[in-house]
Each structure stands twice: as structure tokens, then as C-alpha cells.
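In what follows, a structure is listed as C-alpha cells, so that the remarks can point back to it.
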There are 2 protein chains.
Amino acid sequence: MTDPQPVLEKVRKGRKGAGLTLRDVAKLAGVAPITASRALNTPDAVSETVLKKVREAVERTGYVPNLLAGGLASKKSRLVAAVVPTIVGPIFLETVQSLTESLAAAGYQLMLGQSGYENSREDALLEAIIGRRPDGVVLTGIMRSPESRKRLLASGIPVVETWDLTPTPIDMLVGFSHENIGIAVARHLHAAGRRRVAVIAGVDERSRRRAKSFSDEAVRLGMAAGGVTEIPLCMVPAPTTLGSGRTGLSDLLGQDAAIDGVFCSSDVLAMGVMIEAQVRGISIPGQLAVMGFGDLSFSRDLHPQLTTVRIDGTGIGKVAAQFIIDRADGLQVADRVHDIGFTIIERESV
Amino acid sequence: MTDPQPVLEKVRKGRKGAGLTLRDVAKLAGVAPITASRALNTPDAVSETVLKKVREAVERTGYVPNLLAGGLASKKSRLVAAVVPTIVGPIFLETVQSLTESLAAAGYQLMLGQSGYENSREDALLEAIIGRRPDGVVLTGIMRSPESRKRLLASGIPVVETWDLTPTPIDMLVGFSHENIGIAVARHLHAAGRRRVAVIAGVDERSRRRAKSFSDEAVRLGMAAGGVTEIPLCMVPAPTTLGSGRTGLSDLLGQDAAIDGVFCSSDVLAMGVMIEAQVRGISIPGQLAVMGFGDLSFSRDLHPQLTTVRIDGTGIGKVAAQFIIDRADGLQVADRVHDIGFTIIERESV
DNA sequence: ATGAAAGCGCTAACAT
DNA sequence: ATGTTAGCGCTTTCAT
């Protein structure tokens, strides 16, 4: 009423995108704001004529809807938060990439949070996440602190935990069994005729579990030297590096010079082992079989090619995204737990 | 007025975080909403007593401010968008990590966007970004399409371009000269006595520029065989892999079996070259000097250790974050262009 | 199919 | 130091 011709003024000023609102577009199209809103969000609910006029107005002005305002009004932020321990370290990359893409395709954006390897930041991070009222949170690995878990649960935000299987998921879950991997790897090495195996693992709860079940199964299969109940183990810092792999092998060889197989908790570690073996003149797989975990892109290009455990990180991202999108659409997700499994990729290093 | 005791009801229902508003907290603390707001955002502007009461109320209810609403009202979203071609590929990881951290420390969140290697998605991505009204956008590499650049500029959002130096930045810039790197690498190889060099580069504009200036300088220094004006070049697809490095070396050797030095546009490529050389029984650095780019974490652990070009990705992230934070604080950023330089890391492969 | 009114949860601007 | 009022820009609900 007290606002004669602000649209044209603004448009003339050329301040496209900034300060331009739905009202301006609606006015330009000669309709009510709500009608313009419908034209953009539910084009089917609007007449051809109106649709065309609104689209024209949008085109002319370069209008971009304010999703903050939209989110506030509709209580759908179209934002999804992903939490990784750290983005450096190639393990979760595939998952993050596929999450970003799957979500973008459905009109959602990904907010990235790094929890770090200490608990301290978890709380602040959680606050930052909840404050944005995301439509979902994807956790890689498990939230450690029980308070954080409780808090997240209480917030009512859909949660997908990934890269693990836990008997007590917060909400939804897509992962695989680290225990089963340890067992499968031990059997694979055993089937390949190895009888004195060892393991190098990063200081990380899940690596440790893979190592533990590997060790247990190896002992059960009689792959421990001289009837002892534990196989040689070397723990290295997270994130894992080639250097750790190299020193890891040295360490293991110190514990038992006759080992003929080693399971590494990451492909990076395995590659370090291969380098160290080469430097020491140990032949692979002749004298030593090497297995990794992750099937990183380089593993197939090593010489010899690395036998490893493949996880479908892209698949995890897709399923997680779908879980959240379905939930946002009001669908009840039937199977809240999705075991994505794993595959042993047989190549040359065993 | 027509709202007797909703706070306690809500609190009693235990629906913490959800549906709980500043008004509820304020009522519980016995103050006006704006006062509660001040207690949380500008604690210095409020009395001790009030501060305590509000904090208590927040504690008791588990209240988390709605940043969507806050952003809408204050026109500060505390959100920063980062655009990378793809998150897979280790080059930008350090930068993204340090961005996330620096921003989180200042109360900002990072939104991750992947532009992909085709232009098609750039436009949709830009729309999604502008729609969130972020306080800043960090671009790794340069926005290709001119319309996108214009659009971003028009939106008025502070922009930091990174990983390059361009004479015509959109807004702010933190990077380094790819040309200077090519020149420096050529000189380094020349100083090491190499006289027949070649280059393997990913199909990527910046890799190509490093390769070009390397080639030019090499020719100038007389490092091309038989007085030709171009050195052997092998282009490989992006993102680069070990496999590309291996086939790349084969290809180069096919062009000129007597090359004694090769510059790779990434450490991954360099590593592939080293593997292929080892398989072929070519000694490094004896017969062939190898240089990479990126100084990835594994490069120091290779055998021989890789001589490479180090870029301070963490530094780039920090400076970019500071640029945006300063701008959001209303400070005028004096030097909008920051050359972060590069370092040649001399190790064993040359 | 279109519109009017009300409000999402917060903060800026102006009192007091 | 604290409160009142009036939006931020959109969507929901309820008319028409």
C-alpha cells in the first residue's frame, strides 16, 4: 500500500538476487506471492498462463528463492549434515561424494562436519548441526559419547549411521560387519596356504575389531606360530600412512621373522608393507602374502596388484541418502538396517 | 496473552530441542525474548543475574537456537559454501579440511558442493548455493562458465577463488602461479644435470599450464632432444591414477627411449611412474629423475622418496576462511589477492 | 485455481 | 541494562 514501484526500481538497479523477494516477482507477474510460490514449488497446482508469467518474471529478475526463509516457514531445511572423523584419509571420500551427489539430485545440500579424533569437538559440532535443523544427519562411524547420542536422538532429526553394524542403532543404519571381514580374511589367507600370519591395525575402534576377529579366527585355524593364542600384532596411529606400513612390517618381522602373511587395516598400510618388503628383498606373494582393506583406486595399479577387501562406499552414500529422503517425504523406512556387505578382491599379492 | 503455560508443558513432554523456542527459554528465565537472545549472542550486553538465569534455562531445556530463523532475521547465515570439482582426489582435501576447521572455530559451517567435471551442474549448484544466502563462497579452481561468474558476482556474496592466480579475480583470491611452478621444476631438473625431459599431465586446465610452462622453459634451457621445440608430452585423464602414471611412462618411453627426467602433474602420477620404472628395471634417480606435484602424505614414504612441489593447502584454507570471516565482520580486506607460493621439496627421486 | 491472513523463530531498531 | 515493536521472506491454513 505504501510501496509504489519497488520492483522496477530494484530491477533497474541491477541488484539481481540480492534483496529481491518473491513478492517482487509476484508483483511483476501480476499475481499474489503465494501463487508465485506455487508456480515455483508445485507447478502442477497452477494454470499454464500463471506458470509462464511467473517463470518469465524469475528469468528477467534473476530471482533465487531464499531457502532460509522457506525452511523456516515449512520446517524443511533441505539440508543434510554429514559427520566424518576427518575428511583427510581416503576411506570415507567415496561415501561423501555419493552422498553429496544423491542429495543434490533430490534438491538437498550437504553440510560437512569433522568430529576430529577427540571427543571434545563432538558436542560443539552437534550443536552447530542441530541449530540448522537439518532434515537428516549421516554419521560415519559411531558417535562415541553417550550424551551426544542421547542429544541427537532427542532432537528428532533422522539419523543414519554408516560403515558399521551395531546392535543398538540410534535410528537407521547402513554398514557391514567388521567382525565378518576379519574372519573372511583369515580364511582367505588360510586357503592360500599361509600358516604364520600377523596383523597391522590403525588405532581406531573398527580397525581394531577387524584385527581382533582376524586374530581369533587365525588362531582357531592354527595359523599362530607354535600353538600360542595370539598372532603378532602391530598398532599404528590413525590416520594410517605408508610410513606406518613400512615400520609396521619391520616391527612384525622383529616379533617373528617367519611370518608368511599379513593383514593390514587399510590399503595405504598394505602399500607401505609392500614398499618395505621390496626394500628388504622380500618377495610378494612368494615369501609374504599381503592383504589390505578399502580397495582404494591405486590398489589395482600396484605391482603386484593388491588383494584387498572392497566396501561399496558409493552404495553406502546412496542408501543413506535414500533413507533420509524417504523419511523427509514422510515415508516409513521399513528396513532401518541395511547390511551392504563386503567383497574380497583377489589379485596378486596373496 | 492467550498463552498460559506452554513452556512447562513442552518441557514436561520432554520434546527437547524440537519445538522449543527462544520465547520458551525467556519465559522460563523470566525475561523478554530479546534479552535471552542477547544473553546468548552478546553476553557482555547483559547483567550477571540475567546471564545466569538464561544459561540455566537453556541447560534445563536443552534449547538449541534455530539458526535458520536467526539467519533470516539478521541476514547473516553463518554458512560458507565450498565448491570443488570432486572431493575424491586428494589435492583439495587439505584445503577443505582446514576450511572446515577454521570456519567451525569462528562459528561458521561449511556447505560442500561438487561441480563435477562438466559445466552442466555448475548452474544448478550455483542456484542451490545462492539460495542459502551463504556469507561466502570458496571456489577451488576457477568457475568456468562466464554466466556463472556473472551471476555469483551479482549475488553480492563474498567469493574467494583458490589454487590459482588470475589477473581477473571475481572478488578475493588465494593461490599461486602454475606458470612459475613449471619454470622452477624445469630449472631444478636442469640443475640436477638432466638434459632430455618429458612431462605427464592430467587433462585439467591448471595441470596443462604447469606442463606448458615447464615445456617452454625446458626447451629454452636446451633440454629437448635434438633441438626440437617441444618435449615429449603425455596427457592422461583426470582425476589422475597410478595406472595413468604407469601407462604414461610407457607412452613417453615410446616417444623417446632416452629421456632422463619426467615431471608429473600429480604425486599419484609420479608414483605410478616409479612403479612402472621399477617393473621395467629403470633405476630412479640413476637413469630417470621423477618429480611430482602436491607433496601428498605418502610421497615422503616412497622408495626412493619423491621430490615434489609442495603447496600449503592448509594455509590456503586458513587464509580463505579469514578473508570471508573478515568480510562478514564488515572489515575491508585490504589485499584481496594472496600469493601463497610453493616449495620444491628435494628428496631422493631426482 | 487463486488469494488473504497469520505465523515460522529469531533479531534490528528504537524506545525506556 | 532491558523491553516493545516490527519485520526478515517464505509457506501454511483456510477461504473463495
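Not measured: the values here are computed from a predicted model.
- Taking only side-chain nitrogens and oxygens, K75(B) comes nearer than 4.0 Å to OP1 or OP2 of dG9(D).
- For the OP1/OP2 pair of dA1(C) and a distance below 4.0 Å, the side-chain nitrogens and oxygens of T35(A) include no atom meeting the criterion.
- Straight-line distance from the CG atom of L68(A) to the C1' atom of dC8(D): 10 Å, rounded to whole Å.
- We find that NZ of K53(B) is positioned 12 Å from C1' of dA1(D), with the value rounded to whole Å.
- Closest to the L22(B) side chain, of the nucleotides dT2(C), dT11(C), dG3(D), is dT11(C).
- Put simply, the side chain of E147(B) does not reach to within 4.5 Å of the side chain of E122(B), judged on heavy atoms.
- Side chains of T86(A) and Q97(B): a donor-acceptor N/O pair is present below 3.5 angstrom, by distance only.
- In this structure, the CZ atom of R23(B) is 12 Å from the C1' atom of dC10(C), given to the nearest Å.
- When the C1' atom of dC8(D) is taken as reference, atom CZ of R78(B) falls 17 Å away, rounded to whole Å.
- Ranked by how close their nearest DNA chain D nucleotide is to the 5' end, G71(A) and D44(B) are led by D44(B).
- One can place CZ of R132(B) at 21 Å from P of dC8(D), the figure rounded to the nearest angstrom.
- Remark: E127(B) engages R151(B) in a salt bridge, criterion side-chain N to carboxylate O under 4.0 Å.
- For the pair D24(A) CG and dG9(D) C1', the computed distance is 10 Å after rounding to whole Å.
- Between S74(A) and dC8(C) there is no side-chain N or O to OP1 or OP2 distance below 4.0 Å.
- Judged by distance alone, with hydrogens and angles left aside, the side-chain atoms of T100(A) form a donor-acceptor pair with the main-chain N or O of V96(A) at under 3.5 Å.
- One finds a side-chain N or O of N41(B) lying less than 4.0 angstrom from the OP1 or OP2 phosphate oxygen of dT11(C).
- Remark: C1' of dT16(D) and CZ of R38(A) are 12 Å apart, rounded to the nearest angstrom.
- Nearest heavy atoms, D335(B) versus F323(B): O-CZ, 3.4 Å.
- Checking dT2(D), dC10(C), dG9(D) against the side-chain heavy atoms of N66(B) singles out dC10(C) as nearest.
- Place A32(A) and L72(B) on DNA chain C by their nearest nucleotides, and A32(A) ends up nearer the 5' end.
- P33(B) comes within contact range of no nucleotide atom at all, as no heavy-atom separation falls under 4.0 Å.
- In this structure, I34(A) atom CD1 and dA15(D) atom P are separated by 16 Å, rounded to whole Å.
- For dC10(C), the OP1/OP2 oxygens have a side-chain nitrogen or oxygen of Y63(B) closer than 4.0 Å.
- Using modelled atom types, one side-chain atom of D135(B) and one backbone atom of S77(B) make a donor-acceptor pair closer than 3.5 Å.
- Look at S37(A) and you'll find a side-chain N or O under 4.0 angstrom from OP1 or OP2 of dT11(D).
- No N or O donor and acceptor, one from the side chain of R133(B) and one from the base of dG9(D), sit under 3.5 Å apart.
- For T21(B), the listed nucleotide lying nearest its side chain is dC10(C); candidates were dG9(D), dC10(C), dT2(D).
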